[in-house]
Every structure is written in structure tokens, then in C-alpha cells.
Amino acid sequence: MNDVQVFDDSTRLAEMVAKQTCDALKDAIREYGSAVWVIAGGSTPLAAYKVVAEQYTDALGWSLVTMIMGDERIGPSDGPDNNWHQIDRILGSLPAKKIIPNSNQSAEDAASEYESQITKLPHSEKGVPRLDVVWLGMGADGHTLSLFPSHSSILPNAKLVIPVHDSPKPPADRISLTLRAMQGSVTAMIMATGADKKPAIKQALDGGHTPIALVANIVKTHRGKVSWFVDKDANPTD
Ligand code: 6PG
């Protein structure tokens, strides 16, 4: 059973994602004493970050939350292409712990350094870090994080973080959490809007093999929950 929530507009979508995120983080803090939130790059989640910053700053013990990046572009950490740079301008004042990749180095060095940091997070019984809330965007080709169809990034890998080169979506060099890292997801929230993304959503729900489909399947087969937050134009049931 897929949880697909359809919204009339991106504002309502952002508000619901923010609410369900903070509810899930509070649940994790109650159960484990801490929580990990994997934040997503791209443009779709930005409105939801704004809702969190404006409405939930006092809603939970943010000092018990660790925010990590699902993926990052290699290049100047204060440049327009940098995912964290965009998000930090919205969420920077949240008193959460932040483990942010150092993008001012090669993808190999950034991935290796980030892996050594991520692997120190609390592990679940699945043998990988517990990721209480995972935000994911997706492209019209079904990519997510920096895992792309018909690309080496989607090959099985024992690592939690990999370097990515020749990304079909610029910039070319990135780092990304892997499918193996996604095994630790407790709640994955996929945000997708616009008619161009509808085919990839339908394909994922129908058991396709794009990265977003593989991630959703891995989360569910490892007893995690997958929720889709889409707008009317991307509604796969239409
Ligand atoms: C990135 C993102 C990428 C993004 C999708 C959707 O670094 O580019 O991680 O996977 O989530 O491309 O991007 P939009 O939300 O801007 O459509």
C-alpha cells in the first residue's frame, strides 16, 4: 500500500510535509532520545524548509536532532549550486546539530570524509545509521539524491556515501547517500510537483527500477514507511 498525498497547491504540500516531519522527529526523540533528519537538495523542498523555520522552531528539542545532507554538489560551499548553502539561508537559525559535507574538495575526498562522519551516527538493527526522517526530491527521469538511471551511481555499493561523476543533472560532480544508506530510513518523504514528474511517479508506484523506485522499495523492504507528497499536476492516480 503506497501512501500518496495529493495537494491542490505547493503551499499546502509544504505545510503537510513540515508537520509530518516534526511529528516524526518528536516520535524519534521520544523513543531514542535523538533523531536524524536527512535533508534534500533541489527546489521542491525549499517551501517546506520555510514552513519548518517559521512555524516549528519551538515545536521540538532541535538540539537533539542531527541534520545531514542526502547529497551535495562538489564546488564552492557558498556557491549558488550548493544545496546546503540554499538550505542554510532558511534553516540556519535552527539549533540542530548539522553534519554537512565539505564540498570544497574532490568528490572522492568529500565522500570519504562524509562517510566517516555519517557512520558515527546511531545504528539501527539493520546495521546502518538510523535515518528517522529522509526528505527526497526526484527528477522527471526518476533520479533522487544524486543517484541517476543508467549511471554507475545506482550500482550496488557497500558504502554509505559515494562520489558521483558525469551527473546527467549539472553540476557533474557530487556526493550522494547510497541505496545501502537508505536501508536505515524509518520514514521517507518524497516530494514531487509538476506534470513532468507524473510518469516517473507512476512508474515507481508500479514497481519500476528507477533510482526513486529502488529507494522507495528498499525503504519498504527494510520496514520503513514511504510517503509521497505530490501536487495535482503530478497526481499519479489521475
Ligand atoms: C540535487 C537534488 C536532486 C533533486 C531533484 C529534484 O542535488 O540536484 O538532490 O536529486 O532532489 O533533481 O529537484 P527539484 O526539486 O528542483 O525538481
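All heavy atoms count here, side chains included; hydrogens, waters and symmetry mates do not.
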Between the side chain of [X] and the main-chain N/O of [Y], is any donor-acceptor distance below 3.5 Å?
X	Y	value
Glu72	Met69	no
Thr21	Val17	yes
Thr144	Gly137	yes
His165	Pro163	no
His151	Ser153	yes

Inset, instruction - Return yes if a side-chain donor-acceptor contact under 3.5 Å exists between Arg174 and Ser146, otherwise no. - result: yes

Inset, instruction - Indicate whether any N or O donor in one side chain lies under 3.5 Å from an N or O acceptor in the other, for Ser77 and Asn82. - result: no

Going from [atom1] on [X] to [atom2] on [Y], what distance comes out if it is rounded to the nearest 0.5 angstrom?
X	Y	atom1	atom2	answer
Leu179	Leu160	CG	CG	11.5 Å
Met191	Ser227	CE	OG	10.5 Å
Glu113	Ile118	CD	CD1	11.0 Å
Ile87	Leu94	CD1	CG	12.0 Å
Leu145	Leu136	CG	CG	5.0 Å
Met189	Met16	CE	CE	10.5 Å

Legend entry - Trp228: partners by ring-ring contact (aromatic ring centres under 6.0 Å, His included), with sequence neighbours left out: none

Inset, instruction - Could you check Leu13, Ile190, Val6 and say which one makes a side-chain contact (heavy atoms from CB on, under 4.5 Å) with Phe229? - result: Leu13

Inset, instruction - Applying side-chain contact (heavy atoms from CB on, under 4.5 Å) between Ile162 and each of Asp71, Ile175, Leu147, report the one that passes. - result: Leu147

Inset, instruction - Considering only NZ, NE, NH1 and NH2 on the basic side and carboxylate oxygens on the acidic side, decide whether Asp27 and Arg30 come within less than 4.0 Å. - result: yes

Legend entry - Enclosure of Lys126 NZ (heavy-atom neighbours >12, cutoff 6.0 Å): yes

Legend entry - More than 12 heavy atoms from other groups under 6.0 Å of NZ on Lys98: yes

Legend entry - Mutual orientation of the aromatic rings belonging to Trp135 and Trp37 [parallel < 30°, tilted 30-60°, perpendicular > 60°]: perpendicular

Can you give me every donor-acceptor pair (side chain of residues 193-218, partner residue at least two apart or in another chain, under 3.5 Å) with its distance?
from   : atom 1 : to     : atom 2 : distance (Å)
Lys197 : NZ     : Met138 : O      : 2.8
Lys202 : NZ     : Pro236 : O      : 3.2
Thr210 : OG1    : Ala213 : N      : 3.4

Legend entry - Within residues 71-118 or reaching into it, pairs that qualify as ring pair (Phe, Tyr, Trp, His ring centres under 6.0 Å) - sequence neighbours excluded: none

Inset, instruction - Output all residues satisfying side-chain hydrogen bond (donor to acceptor under 3.5 Å, both in side chains) with Gln20, sequence neighbours left out; order by chain, then residue number. - result: Gln5

Legend entry - Partners meeting side-chain hydrogen bond (donor to acceptor under 3.5 Å, both in side chains) with Asp81 (sequence neighbours left out): none

Inset, instruction - For Glu125 and Arg223, run salt bridge (charged side-chain N to carboxylate O under 4.0 Å, His left out): C-alpha distance rounded to whole Å, both residues' side-chain angles, the deciding distance at 0.1 Å, then the answer. - result: CA-CA 11 Å; Glu125 73 287 354; Arg223 300 185 305 284; 2.8 Å; yes

Legend entry - For Pro95, all residues meeting side chain to side chain contact (heavy atoms under 4.5 Å, CB included), sequence neighbours excluded: Trp62

Legend entry - Asn102 versus Ala110, closest heavy-atom pair with distance: O-CB, 3.4 Å

Inset, instruction - Could you please spell out the steps behind the salt bridge (charged side-chain N to carboxylate O under 4.0 Å, His left out) verdict for Asp8 and Arg12? - result: CA-CA 7 Å; Asp8 287 340; Arg12 283 290 303 132; over 6 Å; no

